[in-house]
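Heads up: the structure comes next, in structure tokens.
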Amino acid sequence: MFDLTPADYQAIWLSTKVAVCATLISLPFGFGAAYLLVYSRLRGKALFDGLINLPLVLPPVVVGYLLLLLLGNRGWLGGLLEEFGIRIIFTWKAAVIASMVVGFPLLVRSIRLGLEQIDEKLVQASRTLGAHWYDTLFSVIIPLSGRAILAGATLMFARSLGEFGATIIIAGNIPGVTQTIPLAIYEYTSTPGGDAMALTLCLVSIVLSLAVLLLNEGLTQRFRRERQR
């Protein structure tokens, strides 16, 4: 039951790589979006917030299809990239993009909650003392929102590990190339006698998710102790 094939190990490695890349690439954009929602006087902020959270309410398959229309060879962005010899769809990069889009709202929400809990008087005091916006950002806002940033990154990583609907549309289910853990489980459940291997990969997915959550909790506790010193 616990014998994994080389293709299974490849799926585990690819899932981890996709989740890490999606989280790291999205992190600065997620923080920027949360910062705009909390501290800016941007017109149409409600619309901006709605667009960010749209992937949460859309079926993942719809998100994947829209990405396919955008990044396909006949899409305006995909066609432009094709002229430079860059191909996105049906590669592991497409799986990263799918995970980024689907997990982005969770990242922004967590960071936004952390920013909203920062005492506004601290930010105003920093500005009163003549600090530039970037000084306030790096000396006040980011340190005080560290736990929220970590929580958002953890949620997005875990969501990326479980991404299926958008990934199978834009990246396909190609063993060794784009097949992640959820796609491998789907293939095993569609194969006679594959239930045992599907269950094994489910257990692997659970273990990975628990490891990420425990790491997040450990880093959060350490961060809390350092702030109390």
Side-chain angles (χ1 to χ4, degrees), residues 18-72 75-81 88-89 93-127 131-167 169-171 216:
V18 167
V20 169
C21 291
T23 303
L24 293 180
I25 295 173
S26 299
L27 198 56
F29 297 102
F31 184 87
Y35 184 90
L36 288 176
L37 289 172
V38 175
Y39 292 110
S40 73
R41 297 180 179 177
L42 185 68
R43 289 187 177 181
K45 187 183 293 187
L47 177 60
F48 181 58
D49 189 20
L51 290 175
I52 289 177
N53 289 288
L54 189 60
L56 285 179
V57 297
L58 286 177
V61 174
V62 174
V63 176
Y65 182 67
L66 294 176
L67 288 175
L68 184 62
L69 293 178
L70 176 65
L71 298 172
W76 70 269
L77 184 55
L80 180 62
L81 294 175
I88 299 295
I89 60 171
K93 299 173 186 176
V96 172
I97 294 174
S99 296
M100 287 174 58
V101 174
V102 174
F104 193 73
L106 299 176
L107 176 66
V108 175
R109 280 192 169 197
S110 297
I111 298 177
R112 181 180 180 179
L113 289 174
L115 295 179
E116 289 175 344
Q117 292 177 359
I118 296 177
D119 191 348
E120 183 64 25
K121 294 180 180 178
L122 296 176
V123 178
Q124 292 177 353
S126 174
R127 294 171 178 171
H132 295 287
W133 68 268
Y134 50 83
D135 293 324
T136 303
L137 176 65
F138 288 104
S139 61
V140 178
I141 296 176
I142 290 181
L144 293 179
S145 61
R147 284 195 298 170
I149 295 173
L150 183 60
T154 302
L155 282 175
M156 181 161 187
F157 183 87
R159 180 66 183 85
S160 299
L161 282 178
E163 167 52 34
F164 174 82
T167 301
I169 296 295
I170 190 176
N216 174 60

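If you read the sequence from its start, that first residue is 1, and numbering goes on from there.
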State, to 0.1 Å, how close [X] and [Y] come at their nearest heavy-atom pair, and which atoms those are.
X    : Y    : value
S160 : A22  : OG-CB, 4.0 Å
S26  : M156 : OG-CE, 3.1 Å
V108 : A33  : CG2-CB, 4.1 Å
I170 : A98  : CG2-CB, 4.0 Å
A94  : I88  : CB-O, 3.3 Å
A148 : G114 : CB-CA, 3.4 Å

Report summary line: Across all chains, not counting sequence neighbours, the side chain to side chain donor-acceptor pair (under 3.5 Å) partners of Q124 are none
Rounded to the nearest 0.5 Å, what's the gap from [atom1] on [X] to [atom2] on [Y]? Could you check?
X    : Y    : atom1 : atom2 : value
I89  : L69  : CD1   : CG    : 10.5 Å
I52  : L106 : CD1   : CG    : 12.0 Å
D135 : I141 : CG    : CD1   : 11.0 Å
L71  : L66  : CG    : CG    : 11.0 Å
N53  : L58  : CG    : CG    : 11.0 Å
K45  : L47  : NZ    : CG    : 13.0 Å

Going by heavy atoms in the side chains, are [X] and [Y] under 4.5 Å from each other?
X    : Y    : answer
R112 : D49  : yes
E116 : L113 : yes
Y39  : I118 : yes
V18  : E163 : no

Query - L115 and its side chain to side chain contact (heavy atoms under 4.5 Å, CB included) partner, picked from V38, V123, I142 - result: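 The side chain to side chain contact (heavy atoms under 4.5 Å, CB included) with L115 is passed solely by V38 among V38, V123, I142.
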Query raised in the report: Going through the distances and angles, do R109 and L155 end up as a side-chain contact (heavy atoms from CB on, under 4.5 Å)?
Result: CA-CA 10 Å; R109 280 192 169 197; L155 282 175; over 6 Å; no
Query - Crowding at CZ, F48 (>12 non-hydrogen neighbours, <6.0 Å) - result: yes
Query - Enclosure of R159 CZ (heavy-atom neighbours >12, cutoff 6.0 Å) - result: yes
Query raised in the report: Residues two or more places apart in sequence or in another chain: which of them pass side chain to side chain contact (heavy atoms under 4.5 Å, CB included) with A153?
Result: T23, L27
